[in-house]
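The structure under discussion appears below in the form of structure tokens.
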Amino acid sequence: MTIAAIDFCRLYSDHMTAAGRAKPSSAWDKRVPDIKRKEKKGRYAGEFISRMDLTDARTLLDVGCGTGAISLPLAARLERVIGLDYSQGMLDEFKASIAEQGITNADALHLAWEDDWSEVPECDIVVASRSTMVQDIGAALAKLDAKAKKRVYLTHLVDGRFIDPRIFDAIGRKPLPMPDYIYVLNILHSRNIHPRLDYIDGEGPLTGITEFDELLQRTTWAIGELDTNERARLQAWFEEVMENGGLNTIIRWAFISWDVNLRQCYDSAASMA
């Protein structure tokens with residue numbers, strides 16, 4: 001067997017199903033205040049934006065825009081930005097930020113990855129920041145590429161764990177990690193897209209927690225309810241960690257980008273070969 005014989009889209013989908021931790025839009029609606037607070041303190045958005053090339057770009061589509069941490073800071077440098085998300089709560093916050101900041105060139109679209117995107121306009125740059133953990137990654141990547149006129153930028157989780165693996169050790173679970181970025185690279189390669197790869201190290205979801213109730217809330221949101229024994233083990237671990245400096249965790253994201261025009265050149269060369 002060669003690598004060309006492997007269906008990475010199917011492999012990813014099977015892995016995603018086995019991991020079984022996809023979140024409905026309502027779950028993200030509830031996390032708006034927490035995410036907004038973390039974005040103000042964190043460095044992730046700035047790291048993402050610093051890696052983008054806006055040369056000759058006038059429009060931007062932000063898929064899974066959340067509260068607008070990536071697209072809204074760029075609005076002043078572009079003619080139009082569009083935020084797309086399946087969480088109405090996130091879009092409400094996105095719109096509130098537009099009004100608060102006096103931004104006049106931003107629009108919001110309430111759509112999911114699985115919806116019909118025929119009315120979504122093509123933009124010079126398409127962004128998908130921490131939003132590609134979907135069931136059908138092949139279709140998602142195709143949509144990003146199809147809507148981009150110049151460049152695509154996305155981040156995908158490294159190692160497949162949103163939560164500190166020490167949590168699982170503490171409570172005695174051994175769940176399957178979510179599918180990580182290596183699938184994305186292989187799918188793009190199979191489509192004659194040769195992306196650039198970098199990494200962003202951001203604050204983990206447990207950084208700064210000082211109360212057990214907050215740790216419990218974030219843990220159950222990520223992995224589901226804990227039984228009495230698991231909760232007791234988690235609390236014992238938390239108390240030990242707090243005695244030794246507290247919770248400071250890092251989560252690593254693969255920053256993946258490609259030029260659509262360059263991909264088209266590769267396609268043309270392949271067709272003439």
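Bear in mind that the values here come from a model prediction, so they are computed numbers and not experimental data.
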Answer yes or no: is there a side-chain heavy-atom contact under 4.5 Å between [X] and [Y]?
{"X": "L226", "Y": "R173", "answer": "yes"}
{"X": "W258", "Y": "L188", "answer": "yes"}
{"X": "R151", "Y": "M52", "answer": "no"}
{"X": "S129", "Y": "Y153", "answer": "no"}
{"X": "R43", "Y": "S50", "answer": "no"}

Between [X] (side chain only) and [Y] (backbone N and O only), is there a donor and an acceptor less than 3.5 Å apart?
{"X": "D85", "Y": "L109", "answer": "no"}
{"X": "R58", "Y": "C123", "answer": "no"}
{"X": "D180", "Y": "G160", "answer": "no"}
{"X": "D115", "Y": "A112", "answer": "yes"}
{"X": "Q135", "Y": "S13", "answer": "yes"}
{"X": "H156", "Y": "P179", "answer": "yes"}
{"X": "K147", "Y": "W117", "answer": "yes"}

Is the count of non-hydrogen atoms from other residues, nucleotides or ligands lying under 6.0 Å from [X] atom [atom1] greater than 12?
{"X": "E211", "atom1": "CD", "value": "no"}
{"X": "D56", "atom1": "CG", "value": "no"}
{"X": "R51", "atom1": "CZ", "value": "yes"}
{"X": "Q217", "atom1": "CD", "value": "no"}
{"X": "R77", "atom1": "CZ", "value": "no"}
{"X": "R231", "atom1": "CZ", "value": "no"}

Is it true that [X] and [Y] fall in one hydrophobic cluster, defined by side-chain heavy atoms closer than 4.5 Å?
{"X": "F8", "Y": "V184", "value": "yes"}
{"X": "L84", "Y": "W113", "value": "yes"}
{"X": "L61", "Y": "L91", "value": "no"}
{"X": "I137", "Y": "V152", "value": "yes"}
{"X": "I250", "Y": "F48", "value": "no"}

For this session: Test salt bridge (Lys or Arg N to Asp or Glu O under 4.0 Å) on R196 and D259 and set out the steps.
Result: CA-CA 9 Å; R196 291 175 292 274; D259 297 321; 3.3 Å; yes

Verify the distance criterion only: is there a donor paired with an acceptor across the side chains of [X] and [Y] at less than 3.5 Å?
{"X": "S118", "Y": "D116", "value": "yes"}
{"X": "T155", "Y": "Y181", "value": "no"}
{"X": "D201", "Y": "W253", "value": "no"}

For this session: Verify side-chain contact (heavy atoms from CB on, under 4.5 Å) between K150 and V260, making sure each step is shown before the conclusion.
Result: CA-CA 5 Å; K150 296 182 182 296; V260 173; 5.9 Å; no

For this session: Check the pair D169, W237 against side-chain hydrogen bond (donor to acceptor under 3.5 Å, both in side chains), reporting the backbone distance first and the verdict last.
Result: CA-CA 10 Å; D169 293 337; W237 174 80; over 6 Å; no

Check [X] against [Y] and note the closest heavy-atom contact, atom names and distance.
{"X": "R10", "Y": "D7", "result": "N-OD1, 3.1 Å"}
{"X": "P177", "Y": "A19", "result": "O-CB, 3.9 Å"}
{"X": "F94", "Y": "G68", "result": "CD1-CA, 3.6 Å"}
{"X": "D53", "Y": "I125", "result": "O-CD1, 3.5 Å"}
{"X": "R80", "Y": "P121", "result": "NH1-CG, 4.0 Å"}
{"X": "G64", "Y": "S131", "result": "CA-CB, 3.8 Å"}

Exercise. Are R130 and Y44 in a cation-pi setup, meaning NZ or CZ lies under 6.0 angstrom from the ring centre and within 45 degrees of the ring axis?
Worked result: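 Yes, R130 and Y44 form such a contact.
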
Exercise. Looking at Y199, is R252 sitting on its ring face, NZ or CZ under 6.0 Å from the six-membered ring centre and within 45 degrees of the normal?
Worked result: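 Yes, cation above the ring, under 6.0 Å and within 45°.
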
For this session: Please check if the distance between the ring centroids of Y183 and H15 is under 6.0 Å.
Result: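 Yes, the ring centres sit under 6.0 Å apart.
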
Within this structure, what is the [atom1]-[atom2] distance for the pair [X] and [Y], rounded to the nearest 0.5 Å?
{"X": "Q235", "Y": "D213", "atom1": "CD", "atom2": "CG", "value": "8.5 Å"}
{"X": "F212", "Y": "E239", "atom1": "CZ", "atom2": "CD", "value": "8.0 Å"}
{"X": "D164", "Y": "L215", "atom1": "CG", "atom2": "CG", "value": "9.5 Å"}
{"X": "D62", "Y": "L72", "atom1": "CG", "atom2": "CG", "value": "8.0 Å"}
{"X": "L185", "Y": "H194", "atom1": "CG", "atom2": "NE2", "value": "12.0 Å"}
{"X": "S97", "Y": "I103", "atom1": "OG", "atom2": "CD1", "value": "7.5 Å"}

For this session: Quick one: do T59 and E79 satisfy side-chain hydrogen bond (donor to acceptor under 3.5 Å, both in side chains)? Show the steps, please.
Result: CA-CA 6 Å; T59 56; E79 292 181 8; over 6 Å; no

For this session: List the steps, then state whether side-chain contact (heavy atoms from CB on, under 4.5 Å) holds for I209 with R218.
Result: CA-CA 10 Å; I209 290 178; R218 294 197 193 183; 3.8 Å; yes

For this session: Determine, step by step, whether M1 and I6 satisfy the side-chain contact (heavy atoms from CB on, under 4.5 Å) criterion, reporting the C-alpha distance in whole Å, the side-chain angles of both residues, the deciding distance to 0.1 Å, and the verdict.
Result: CA-CA 8 Å; M1 178 183 288; I6 301 173; 3.9 Å; yes

Exercise. Which one of D124, L74, I70 satisfies the side-chain contact (heavy atoms from CB on, under 4.5 Å) criterion with L60?
Worked result: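 When D124, L74, I70 are each tested with L60, the side-chain contact (heavy atoms from CB on, under 4.5 Å) holds only for L74.
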
For this session: Could you walk me through whether I171 and I223 pass the side-chain contact (heavy atoms from CB on, under 4.5 Å) test, one step at a time?
Result: CA-CA 11 Å; I171 65 176; I223 66 175; 3.7 Å; yes

